[in-house]
There are 2 protein chains.
Amino acid sequence: MTPVATREPGAAKRHTINDVARLAGVSKKTVSRVINESPFVKEETRKAVLEIMRETGYVPDPQARGLAFRRSFLVGLIYDNPNPQHTISHQQGLLDAMAGSGFELVVRPVDRNSPKLLDDMRDFVERQKLFAVVLPSPVSEDEKLAALLRELDVPYVRIGSVALDEPDRMLVSHDGRGAAQAARHLADLGHTRIALISGPPTFRSSIERRKGFEEGLAEAGLTLAPDLAKIGAYTYESGVAAAHDLFALEARPTAVFCLNDEMATGVYTAAREAGLRIPEDVSVVGYDDAPIAVRLWPPMTSVRLPLRDMGRMAGEMLVPNALREKRADAHEVQPQLVVRGSSAKAP
Amino acid sequence: MTPVATREPGAAKRHTINDVARLAGVSKKTVSRVINESPFVKEETRKAVLEIMRETGYVPDPQARGLAFRRSFLVGLIYDNPNPQHTISHQQGLLDAMAGSGFELVVRPVDRNSPKLLDDMRDFVERQKLFAVVLPSPVSEDEKLAALLRELDVPYVRIGSVALDEPDRMLVSHDGRGAAQAARHLADLGHTRIALISGPPTFRSSIERRKGFEEGLAEAGLTLAPDLAKIGAYTYESGVAAAHDLFALEARPTAVFCLNDEMATGVYTAAREAGLRIPEDVSVVGYDDAPIAVRLWPPMTSVRLPLRDMGRMAGEMLVPNALREKRADAHEVQPQLVVRGSSAKAP
DNA sequence: CTGAAAGCGCTTACAG
DNA sequence: CTGAAAGCGCTTACAG
């Protein structure tokens, strides 16, 4: 057998499709067919080519392939999330799905309120000829962006609290169901004056979580009292402020449900300032189950979303990967209430 | 003037270098010279070409350029950091530096202890023909990885607590100086029995921070008592455990300095369990100034590292950007102690 | 200062 | 089932 140079340290130029073709005694087109798993290659030829590829350590050049394909091997992650934990978890999951696939992840933070967003995205996607795009919430809620991607014929998956698009383009986290669990949990503990601190109405997650919460209350025969419904900004400070108001009420709530952990953490601060004990005087429930939930005292009851899984599933919906059998068929995940020490029987 | 088709919505193929050449009445090579800012183009010709490029909205195809250049326009971020906040901040800063440059950021989490790390990195860098690579700590501490990148002739910047490489390849955060500030701060408050909870010795940051801390103590005429020096794992749980031991000592410390905020948060928990008040009974100082520092009660004194700036500076050292005058000349940042309510006069 | 030719490493038609 | 030709959109030599 012809001795084949293996990868020399340093200098050694990487082998090209021409080297493989020559060594295998076939045309480069046949090698190309093997690379692209065309069925029109004799099994014998295919094996011989694969053997040469293995020996030489040949790996196709993604730039050259991309140029010829008129499409790159890059997946874009376009995010605008104030919560780094969300982004990094999604990113990690996406990379889990892409590992060993030959695709790479290009990250792109954006300002979803920028008037230039659509122009920037068009330029980004066209210029890089992106293979696919993942849109976590709240960027996923931008209908114009989704329309642009369809126009540019770029596959995408939107990650969101509720179905906003066709099933193949959507990973749904059913945020409302988690909020309903929280409502039932508090109702089961005997609470009747349950307050809500929601996020900005510009976040669909806030709308869905609130809706789910109210439905959960309704199941238990309760309703959300108008004076107990506060609107926060998904920030710690807004949680402090809203809870401050709630705790100043004559008939103050015995439980507070916050639509994210940042605001719930603010409730801890406000409770301490108001001289209220958690959970003896007031129960607190958050949403996200962020790392801080178990670092606070008492550890916080919160609704968990499988963020990393969500990223992975979105990746599996978009990226072919030889390490996997086939693409993901499940397009949804379920939130899960995690009960800890911050919620207890109503006083 | 010849009417030029502007970007049609939808179909309209992007213009290529040939279109620009034809419309400008020059060869494509001349257009190429303009793109690459060659000085060998008559000013008049250059302006004419630039005008056509503007009118047509022409942008060079990075894949085609990369193929011809034998080098891509991708910058790699290779990280293995247990702290998402670090990664996301560095990432954000890097992207700040790269905005509008035409380069894109490809992210790559790795396990720095994997035996396959070097092979994986060789494959990654060679295959993608990376333009440059950024190595945050602790990946930056891997000498073999740095040597590999030099061998592959890929520019890189290592972000680390101390100079580990030539100045052009290093962004130094002088972690020790921040720890020294913490030591002086506690000494100034009259503490003499000051404990230390360090991180794993496999992290250079832990070694440097500890060294700086001991130097700071020495300046104040203090030394670190052996029974007050604990080794943690940079995790919350290890902070709880180490502080638990410290608080059980007969002569317990009046102050605890932790080499990261995670462990310092653990000290809060251990203090509560031991019935100790912060800062009345014990002062606590952390490192990182993570978001949690201001969500704990009392707000935590901590050493801040400008993580986003560090990412930006690393990016500026590597990526040419027309939006900037020139590359960064500063290759270091300084940590800064942020004093809050968790540190007070010794009891 | 400018251009025609060849090439980067692949794939798409088109033949056979 | 396999291959020779042309092309993807750029840049590198090489001329002039």
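Convention: sequence-line order gives letters A, B, ...; per-chain numbering from 1. Please read these numbers as outputs of a predicted model, since none were measured by experiment.
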Pair A/Q85, B/Q85: side-chain N/O donor-acceptor within cut-off below 3.5 Å: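 Side chains of A/Q85 and B/Q85: no pair found under 3.5 Å.
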
Atom CD of A/E43 with >12 non-hydrogen neighbours under 6.0 angstrom: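 Buried by this count: over 12 neighbours within 6.0 Å.
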
Secondary structure of DNA chain C in dot-bracket form (Watson-Crick or G-U wobble, distances below 3.5 Å, | marking inter-strand pairs): |||.||||||||.|||

Worked check of salt bridge (charged side-chain N to carboxylate O under 4.0 Å, His left out) between B/R22 and B/D19: CA-CA 5 Å; B/R22 184 169 32 76; B/D19 301 326; 2.9 Å; yes

Exam field: side chain A/S72 to backbone A/Q128, donor-acceptor pair closer than 3.5 Å: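 Yes.
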
Expected output: side-chain B/N321 to main-chain B/A99 donor-acceptor under 3.5 Å: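 Pair found, side chain donor or acceptor close to backbone of B/A99.
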
Atom-to-atom span, [atom1] of [X] to [atom2] of [N] - whole angstrom:
X: A/R65; N: D/dG9; atom1: CZ; atom2: P; answer: 18 Å
X: B/E126; N: C/dG9; atom1: CD; atom2: C1'; answer: 15 Å
X: A/K129; N: D/dC8; atom1: NZ; atom2: P; answer: 11 Å
X: A/D61; N: C/dT11; atom1: CG; atom2: C1'; answer: 13 Å
X: A/R127; N: D/dG9; atom1: CZ; atom2: P; answer: 16 Å

Contact letters for nucleotides 1-7 of chain C, in which S counts primed atoms plus P, OP1 and OP2 and B counts the base, heavy atoms under 4.0 Å: SBBB--B

Distance from [X] atom [atom1] to [Y] atom [atom2], nearest 0.5 Å?
X: A/L164; Y: A/M170; atom1: CG; atom2: CE; value: 4.0 Å
X: B/T56; Y: B/E51; atom1: OG1; atom2: CD; value: 9.5 Å
X: A/S32; Y: A/K29; atom1: OG; atom2: NZ; value: 4.0 Å

Sugar-phosphate only, base, or nothing, as touched by A/N18 at under 4.0 Å among non-hydrogen atoms: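 No contact.
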
